Amino acid sequence: MENENNDAIFVNSLVVCYKKTVAVNNLSFTAAKGEVTALLGANGAGKTTTVETLEGYKMPTSGEVKVLGLNPISDKAKLAPLIGIMLQQGGIYPGITVKEALRLFGSFYQNPKNIDQLLDTVGLRKVEKVSYRHLSGGEKQRLSLGLALIPDPQVIFLDEPTAGVDPQGRTQIREIIKGLKEKNRCVVVTTHELDEAERMADTIVLIDNGKLVANGTLKELKSLYSKRQISFVVSQPFDTNALGSQLKTAVEHRSPNEYLLSCEPTPFLISELTGWMAKHNLLLERLDTGSASLEEIFLQLAEPSDVKPPPPTSTNTKNRTDR
């Protein structure tokens, strides 16, 4: 695997150890310019260690890491003005105002973005004189994003960018990320909010126990790891065994009123299902014949197992099979 074409981030056989603990185990992937790459995994999967290595805060035990063709450790002085880092919490003096924080961080760079424009971009103009301690959770998140954007970075690392943000703020953050993509920036997101990853990410890198277990677009992951299914919500509980006998397939009870048939939807099967519900005076409140969600794929692949499925082969980005 070579660092070429449109890749802004290149990770090859990365291993990071803490004494006897292997936090990242032979991890390989790339992240392209003009795309959002989401690193997903449970707590302790190795996401944070991987990102800290890319940012130059962790020394690899072995393997190779490049960001914009630079080594994050030996080339840190060259790389620092080219990357932006959004932390989920902390790092800001509680008594400093929003505008003061942006000005302070701007003083660290030779060519910072215009502070007034940034205030408008992240929607904090109305609270520019409010101290950090008095901001809401969502406002703190947007300020952290604004600080990360100050150097006009080529690569930006976002840690839980929409956590604690109201719906309007989430929409604004998504628009900012969309704008970064349009400017051919590389955006790397780590998040536990899988619906947000599903909305934002062009490429998904799933890590479990420090290893790569899946890598590709959402469409590719669904194609490789998800079969078509029928999920439905019913107005009240019913006899799942009786329905299963009628349909000749198991009926899985997922939540209080939600059920799942893990089989290929066909017109005949759907007709049988709706007919049985009508016969027993049950109201179908929702019927979905799509493939599994990213959350369902995530839970499937992250389950403890002696045998993990191989990383998928991407069809739209060169070298993605090695990631």
Side-chain angles (χ1 to χ4, degrees), residues 29 31 35-48 50-51 86-89 122-123 136-142 144-145 148 156-182 186-208 212-233 252-262 265 285-303 309 312 314:
F29 68 94
E35 288 190 5
V36 176
T37 298
L39 299 185
L40 304 180
N43 289 331
K47 305 186 305 296
T48 299
T50 299
V51 170
M86 176 186 177
L87 302 177
Q88 187 181 357
Q89 294 179 353
V122 296
S136 68
E139 289 167 343
K140 289 179 179 178
Q141 283 293 88
R142 282 185 278 155
S144 293
L145 176 57
I156 182 167
F157 298 95
L158 306 179
D159 184 11
E160 301 285 356
T162 57
V165 182
D166 59 35
Q168 184 178 1
R170 284 173 180 248
T171 300
Q172 192 166 22
I173 289 174
R174 292 185 200 120
E175 286 300 311
I176 293 171
I177 293 173
K178 181 181 178 182
L180 291 168
K181 287 174 50 179
E182 292 172 350
C186 173
V187 183
V188 177
V189 176
T190 55
T191 181
H192 288 90
E193 299 187 24
L194 300 185
D195 57 334
E196 283 296 302
E198 197 162 351
R199 283 174 178 265
M200 293 188 294
D202 299 291
T203 301
I204 294 164
V205 178
L206 178 57
I207 304 171
D208 190 36
L212 178 72
V213 294
N215 181 18
T217 66
L218 180 62
K219 183 178 179 180
E220 290 165 353
L221 296 190
K222 286 189 174 185
S223 174
L224 285 159
Y225 295 119
S226 171
K227 295 181 180 180
R228 296 284 300 278
Q229 60 187 16
I230 301 174
S231 63
F232 56 95
V233 174
E252 181 183 348
H253 191 182
R254 301 295 296 274
S255 64
N257 292 324
E258 184 176 3
Y259 301 82
L260 177 70
L261 305 177
S262 297
E285 297 182 343
R286 193 188 73 203
L287 178 66
D288 186 357
T289 60
S291 56
S293 66
L294 177 58
E295 181 177 3
E296 290 168 322
I297 294 172
F298 174 86
L299 293 173
Q300 172 193 339
L301 296 179
E303 286 178 350
S314 171

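Being a predicted model, the structure only gives us computed values, none of them experimental.
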By side-chain contact (heavy atoms from CB on, under 4.5 Å) - contacts of [X] (at least two apart):
X: Ala197; answer: Ala38, Leu40, Thr191, Leu294
X: Val165; answer: Gln141, Arg170, Ile173
X: Glu258; answer: Ser231, Val233, Arg254, Ser255, Arg286

[X] side, atom [atom1]; [Y] side, atom [atom2] - distance, nearest 0.5 Å:
X: Glu182; Y: Ile177; atom1: CD; atom2: CD1; answer: 12.5 Å
X: Ile156; Y: Ile176; atom1: CD1; atom2: CD1; answer: 9.0 Å
X: Asn215; Y: Leu221; atom1: CG; atom2: CG; answer: 7.5 Å

Worksheet item: What residues form a salt bridge (Lys or Arg N to Asp or Glu O under 4.0 Å) with Glu285, not counting sequence neighbours?
Response: none
Response to the item:
For Lys181, the salt bridge (Lys or Arg N to Asp or Glu O under 4.0 Å) test, sequence neighbours excluded, returns Asp202
Worksheet entry | Considering all heavy atoms, the nearest Ala45-Ile207 contact |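 So the minimum-distance heavy-atom pair works out to O-CG2, 3.2 Å.
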Worksheet entry | Exercise: identify the closest heavy-atom pair between Gln172 and Val122 | NE2-C, 3.7 Å
Item to complete: Tell me, please, which residues at least two apart from Tyr259 pass ring pair (Phe, Tyr, Trp, His ring centres under 6.0 Å).
Response: Phe232, Phe238, His253
Discussion item. Given 3.5 Å as the limit, does a donor-acceptor pair link the side chain of Lys47 with the main chain of Gly41, or not?
Written reply: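 Confirmed, Lys47 side chain pairs with Gly41 backbone.
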Discussion item. Tell me whether Arg142 contacts the main-chain N or O of Gly123 through its side chain, where contact means a donor paired with an acceptor under 3.5 Å.
Written reply: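 Pair found, side chain donor or acceptor close to backbone of Gly123.
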Worksheet item: Within a strict 4.5 Å, meaning less than it, do heavy atoms of the Val189 and Pro161 side chains meet?
Response: yes
Which residues pass the side chain to side chain donor-acceptor pair (under 3.5 Å) test with [X], not counting sequence neighbours?
X: Thr171; value: none
X: Arg174; value: Glu196
X: Thr190; value: Asp159

